[in-house]
S.K.: 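Below: one structure in structure tokens.
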Amino acid sequence: MNIEHKIIAATVAAVKELYQQDLPENQVNLQDTRAEFEGQITIVVFPVVRFSKKSPEATATDLGEYLVANIEEVTAFNVVKGFLNLSIADAYWVNLFNTDLLNPSFGVFSPNGKKVMVEYSSPNTNKPLHLGHVRNNLLGYSVAELLKASGYDVVKVNLVNDRGIHICKSMLAWQKWGNGETPESSLMKGDHLVGKYYVIFDKEYKKEIEALKLEGQTEEEAKKNAPLIKEAQKMLQDWEAGVPEVIELWKTMNGWVYDGFAVSYKNLGVDFDKYYYESNTYLLGKGTVDEGLEKGVFFKKPDGSVWIDLTADGLDQKLVLRADGTSVYITQDLGTAQMKYDDFKMDESIYVVGNEQDYHFKVLFLILEKLGKSWATGLHHLSYGMVDLPSGKMKSREGTVVDADDLVAEMIDTAKAKTEALGKVNDFDEEEKERLYYNIGMGALKYFLLKVEPKKRLLFDPAESIDFQGNTGPFIQYTHARIKSLLLKAGYDFAHAGVADAEITATEKEMIMLLAKYPNEIQSAAKTHSPAVLANYLYEVAKMFNKFYHETPPIIKEENEAVKKHRLNLSFVTAEVLKRGMRILGIAVPERM
RNA sequence: GCCUUGGUAGCUCAGUUGGAUAGAGCAACGGUUUUCUAAACCGUGGGUCAGGGGUUCGAAUCCCUUCCAGGGUACCA
């Protein structure tokens, strides 16, 4: 039984004995003692006052005396207003460290027997990835790793939006103005090449609209009547009809895009267990619509369109099938959800999708629930905020986007420049240097994006480079490297280190307490689908270590063997926590930097 | 209009499910290196937690309301 449980149980017993009252366990409110007071664990006694019928101070004193008398580890207490601060024996913390934290399985969770699917990335194949996609990819990857770490069996999937009018726009523009250009001939990455034609389409389309407006059409009419859009729509119909030339072009251009994405994904360090393609799934869902009609969940309007009425749930009426029998977005998603469940029978499923689709997913999940799908309750939308620039929203068609590949390259360059300026790794060979620059640059980028709570919008200023100091990825990486250097110089070997029964300092005690929280941090980050929780925790750990490192005399020269061994063990565990935690964020920590 | 999410230091963000005097980083200023990596450490200044009201021993946190910003709003995805 850990000390927190002992304190809770003893407090309940104390209230029984002292006041003859039954105190519910959840009324025992524990928190870390603030640094300015003596002690490590604090009981907030206000909730107990109702039972003691005494002042907060008197109640706290009663409890303090009882706990010191009845719990061996509680050595002293002090009362500040309604707060009872308890001092826990150093021996307890040393023992906790030696038995729990030094155990190789510390913070490792055994399988919980549950399977979860994480769908993320889900790009369109008409343009390259930008910073918004980067946030999605890093979030999805990290949440998947987080769930793995907390015991889930995880399936990562990518639902690629590879069809539709927007794809046809790129295709059409290439056909008209491409002159047979290919990634090879242009030396452009395939996704960028296709994106270029998407932009060209938009430009030409806008010209046509302007021309039609000069002829007296309204904006709306012009948008509908422009020859280009009509051609694109025709192309989409041809695609659906399976016209060979269109299919051929589609395959070719999508192939270029996939080659490009593969490079971007590799740079971002993300991967998938399975890809779904909308070209295979866009017709799904009609069976589900029939099912809904049979069950009376959906209804048909006179024109033949199919709807669901969600007004009783505070939402609107929602179209699920057009009058002409064709699908809308939600039709596909209903069908795809069913297919994914049939494929994997997962207990939970997480959709990593921007908050612009909050309403869509609310509706989707509600419909599946109403259809009586037992698995519907396991569906979650991990909604994240948009990445904005100081100028506002990023818009692909207007070219105000931060390109993912460019950004990665810039980050690596910056890492290189900063590392070279410090001159600590001049003995590395080229390959080691490249790897280090990559790890540091990506560490900075990933941490920057992941430390922010997913649901909050994120501001990125291209003019201001991402920091490498303070609350950043490189700071944590540096702390890890620093520890590794120390351990190396000390000739430390965990396998033969053994435990040490040593006196500990106040900072060491704080570190043990902080490190001991690691398993809880993993669980709560996983539960809330928030890598930010973990990121901020790892920063605390790194900061604490640097404080410890700085205020402690050189450990290698420490003459008291037990103290030395303990400090090296403490450093080792810190490095392990940083390494494993960062790994979950998708960030590698170097041995040297 | 309606629904929804945000608003915390000059800037970027935390805030442990309602607890003590609201914390970090960056930027600014000052200090620390003959000692294990200074991408570090220590210190100073900086706050109407958007405004107002309420709930209670106690509110950045819960409720109501106003303002500001983002997103959505029935046949785009």
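Per chain, numbering begins at 1; letters A, B, ... match sequence-line order.
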S.K.: Under 4.0 Å, heavy atoms only, any strand: does Asn161(A) hit a base, just the sugar-phosphate, or nothing?
M.R.: sugar-phosphate
S.K.: Across all strands, who's sitting opposite U17(B) as a Watson-Crick or G-U wobble pair, both distances under 3.5 Å?
M.R.: none
S.K.: For Trp307(A) and A74(B), is the gap between ring centres under 5.5 Å while the planes differ by less than 30°?
M.R.: no
S.K.: Which whole number of Å gives the distance between the C1' atom of G18(B) and that of G58(B)?
M.R.: 8 Å
S.K.: Would you classify Leu458(A) as touching base, sugar-phosphate or nothing, given that sugar-phosphate means primed atoms plus P, OP1 and OP2, and contacts are heavy atoms under 4.0 Å?
M.R.: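 Sugar-phosphate, no base atom in range.
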S.K.: When you compare G47(B) with A14(B), how far apart are their C1' atoms, in angstrom units rounded to a whole number?
M.R.: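 Per the computed distance, 15 Å lies between those C1' atoms.
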S.K.: Taking the minimum atom-to-atom distance to the side chain of Phe37(A), which one of U4(B), A77(B), A20(B) wins?
M.R.: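 Within the option list, the nearest is A20(B).
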S.K.: Send over the distance from Lys456(A) NZ to G71(B) C1', rounded to a whole Å.
M.R.: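 My rounded result for the distance is 16 Å.
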S.K.: Of the nucleotides A77(B), G71(B), C36(B), which one has an atom closest to the side chain of Asn355(A)?
M.R.: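 Closest of the options to the side chain of Asn355(A): G71(B).
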S.K.: Roughly how many Å is it from CG in Leu450(A) to P in A14(B), rounded to a whole number?
M.R.: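 Rounded to the whole Å, the gap is 12 Å.
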S.K.: Toward the 5' end of RNA chain B, which comes first, Thr528(A) or Leu459(A), by nearest nucleotide?
M.R.: Leu459(A)
S.K.: Using the C1' atom in both, what is the distance from U5(B) to U44(B), to the nearest Å?
M.R.: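 To the nearest whole Å, 38 Å.
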S.K.: For the residue pair Arg163(A) and Tyr282(A), would you count it as a cation-pi contact if the rule is NZ or CZ under 6.0 angstrom from the ring centre and within 45 degrees of the ring axis?
M.R.: yes
S.K.: According to the Watson-Crick and G-U wobble definitions, with both distances under 3.5 Å, which nucleotide is paired to A59(B)?
M.R.: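 With both distances under 3.5 Å required, A59(B) matches none.
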S.K.: Taking the six-membered ring of Phe468(A), is the NZ or CZ of Lys418(A) close enough (under 6.0 Å from the centre) and on axis enough (within 45°)?
M.R.: yes
S.K.: Taking the C1' atom in each of U55(B) and A9(B), what is the distance between them to the nearest angstrom?
M.R.: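 Result for the C1' pair: 29 Å, nearest Å.
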S.K.: Kindly say whether Leu459(A) contributes a backbone atom to a donor-acceptor pair with the side chain of Asp388(A) at under 3.5 angstrom?
M.R.: no
S.K.: I'd like to know whether the aromatic ring centres of Phe572(A) and Phe494(A) sit less than 6.0 Å apart in this structure.
M.R.: yes
S.K.: Nearest to the side chain of Glu356(A), heavy atoms from C-beta on, is which of G71(B), A20(B), G25(B)?
M.R.: G71(B)
S.K.: Using a 4.0 Å heavy-atom cut-off, does Glu278(A) contact any base of the nucleic acid, only the sugar-phosphate backbone, or nothing at all?
M.R.: sugar-phosphate
S.K.: For Phe83(A) and A20(B), say yes or no: do the ring centres fall under 5.5 Å of each other while the ring planes differ by less than 30°?
M.R.: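 Base of A20(B): stacked against Phe83(A).
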S.K.: Is there a Watson-Crick or G-U wobble partner for C26(B) with both distances under 3.5 Å, and if so, which one is it?
M.R.: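 G10(B) is the nucleotide pairing with C26(B).
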S.K.: What contact category does Val452(A) fall into here, base, sugar-phosphate, or nothing, at under 4.0 angstrom with non-hydrogen atoms?
M.R.: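 Here Val452(A) touches the backbone only, sparing every base.
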S.K.: Give me the distance, rounded to whole Å, that separates G1(B) from U66(B) when you measure between the P atoms they each carry.
M.R.: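 It works out to 11 Å between them.
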S.K.: Run the ring pair (Phe, Tyr, Trp, His ring centres under 6.0 Å) test against Tyr351(A) and tell me which residues pass, sequence neighbours left out.
M.R.: Phe361(A), Phe365(A)
S.K.: Report which part of the nucleic acid Pro47(A) touches: base, sugar-phosphate, or nothing (heavy-atom distance under 4.0 Å, all strands).
M.R.: base
S.K.: Does the side chain to side chain donor-acceptor pair (under 3.5 Å) test come out yes or no for Tyr437(A) and Asp413(A), once each step is laid out?
M.R.: CA-CA 8 Å; Tyr437(A) 303 152; Asp413(A) 281 350; over 6 Å; no
S.K.: Mark up nucleotides 37-46 of chain B, 5' to 3', with B wherever a protein heavy atom is under 4.0 angstrom from a base atom, S wherever such an atom reaches only the sugar-phosphate, and - elsewhere.
M.R.: BSBSSS----
S.K.: Starting from C1' on G71(B), measure out to NZ on Lys393(A) and report it in whole angstrom.
M.R.: 8 Å
S.K.: Mind checking Lys517(A) for me? I need base, sugar-phosphate or nothing, with any heavy atom below 4.0 Å counting as a touch.
M.R.: nothing
S.K.: What's the CG-P distance between Asp358(A) and U5(B), to the nearest Å?
M.R.: 8 Å
S.K.: Using the ring centroid of each side chain, check whether Phe201(A) and Tyr198(A) are separated by less than 6.0 Å.
M.R.: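 For Phe201(A) and Tyr198(A), the ring centres are not under 6.0 Å apart.
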S.K.: Write down the distance separating the C1' atoms in C13(B) and G52(B), rounded off to the nearest Å.
M.R.: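 Approximately 27 Å lies between the C1' atom of C13(B) and that of G52(B).
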S.K.: Mind checking Asn85(A) for me? I need base, sugar-phosphate or nothing, with any heavy atom below 4.0 Å counting as a touch.
M.R.: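 Here Asn85(A) touches the bases of the nucleic acid.
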S.K.: Roughly, in whole Å, what's the span from NE2 in His360(A) to C1' in G72(B)?
M.R.: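 For the pair His360(A) NE2 and G72(B) C1', the rounded distance is 13 Å.
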S.K.: If the cut-off is 4.0 Å, is Arg34(A) near the phosphate of A20(B), judged by side-chain N/O to OP1 or OP2?
M.R.: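 Arg34(A) to A20(B) OP1/OP2: side-chain N or O found under 4.0 Å.
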S.K.: Are Asp202(A) and Lys206(A) close enough for a salt bridge, meaning some N to O gap below 4.0 Å?
M.R.: yes
S.K.: Closer than 4.0 Å, any side-chain N/O of Arg50(A) to the OP1 or OP2 of U56(B)?
M.R.: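 For U56(B), OP1/OP2 do not have a side-chain N/O of Arg50(A) under 4.0 Å.
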S.K.: Does U37(B) have a Watson-Crick or wobble mate here (both distances under 3.5 Å), and if so which one?
M.R.: none
S.K.: Does Lys451(A) make a side-chain N or O approach to OP1 or OP2 of U12(B) shorter than 4.0 Å?
M.R.: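 It does not, given that no N or O in the side chain of Lys451(A) lies less than 4.0 Å from OP1 or OP2 of U12(B).
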S.K.: Using only side-chain N and O atoms of Arg163(A), determine if any of them is under 4.0 Å from OP1 or OP2 of A77(B).
M.R.: no
S.K.: Round to a whole Å and report the spacing from NZ of Lys527(A) to C1' of U16(B).
M.R.: 13 Å
S.K.: Indicate syn or anti for U55(B), taking the glycosidic torsion and treating anything within 90° of 0 as syn.
M.R.: anti
S.K.: Side chains of residues 315-323 of chain A: which donor-acceptor partners sit under 3.5 Å, not counting sequence neighbours?
M.R.:
unit_1	atom_1	unit_2	atom_2	d
Asp316(A)	OD2	Tyr359(A)	OH	2.9
Arg322(A)	NH1	Thr326(A)	OG1	3.1
Arg322(A)	NH1	Ser327(A)	O	2.8

S.K.: Given atom CD of Glu464(A) and atom C1' of U12(B), what is their separation to the nearest angstrom?
M.R.: 8 Å
S.K.: Between Lys416(A) and Thr419(A), is any pair of side-chain heavy atoms under 4.5 Å apart?
M.R.: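 Side-chain contact under 4.5 Å: no.
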S.K.: For Asp303(A), answer base if it contacts any base atom (sugar-phosphate contacts may also be present), sugar-phosphate if it contacts only those atoms, and nothing otherwise; contact means non-hydrogen atoms under 4.0 Å.
M.R.: base
S.K.: Any side-chain heavy atom of Leu310(A) within less than 4.5 Å of one from Leu366(A)?
M.R.: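 Yes, at least one pair of side-chain atoms sits under 4.5 Å.
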S.K.: Grab the CD-C1' distance between Glu57(A) and C57(B) for me, whole Å please.
M.R.: 11 Å
S.K.: Measure distances between side-chain N and O atoms of Asp388(A) and base N and O atoms of A69(B), and say whether any donor-acceptor pair falls under 3.5 Å.
M.R.: no
S.K.: Under 4.0 Å, heavy atoms only, any strand: does Thr552(A) hit a base, just the sugar-phosphate, or nothing?
M.R.: base
S.K.: Please report the distance separating the P of G54(B) from the corresponding atom of U61(B), rounded so that it comes out in whole Å.
M.R.: 14 Å
S.K.: Partner lookup for G1(B), please. Criteria are Watson-Crick or G-U wobble with both distances under 3.5 angstrom; report none if nothing qualifies.
M.R.: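 Check on G1(B): paired to U73(B), both distances under 3.5 Å.
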S.K.: With rounding to whole Å, what would you report as the distance between A60(B) and G15(B) at their C1' atoms?
M.R.: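 One C1' to the other, the span is 8 Å.
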S.K.: Could you check Asp467(A) against Leu319(A) and say which one's nearest nucleotide on RNA chain B is further toward the 5' end?
M.R.: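 Nearest-nucleotide comparison on RNA chain B picks Asp467(A).
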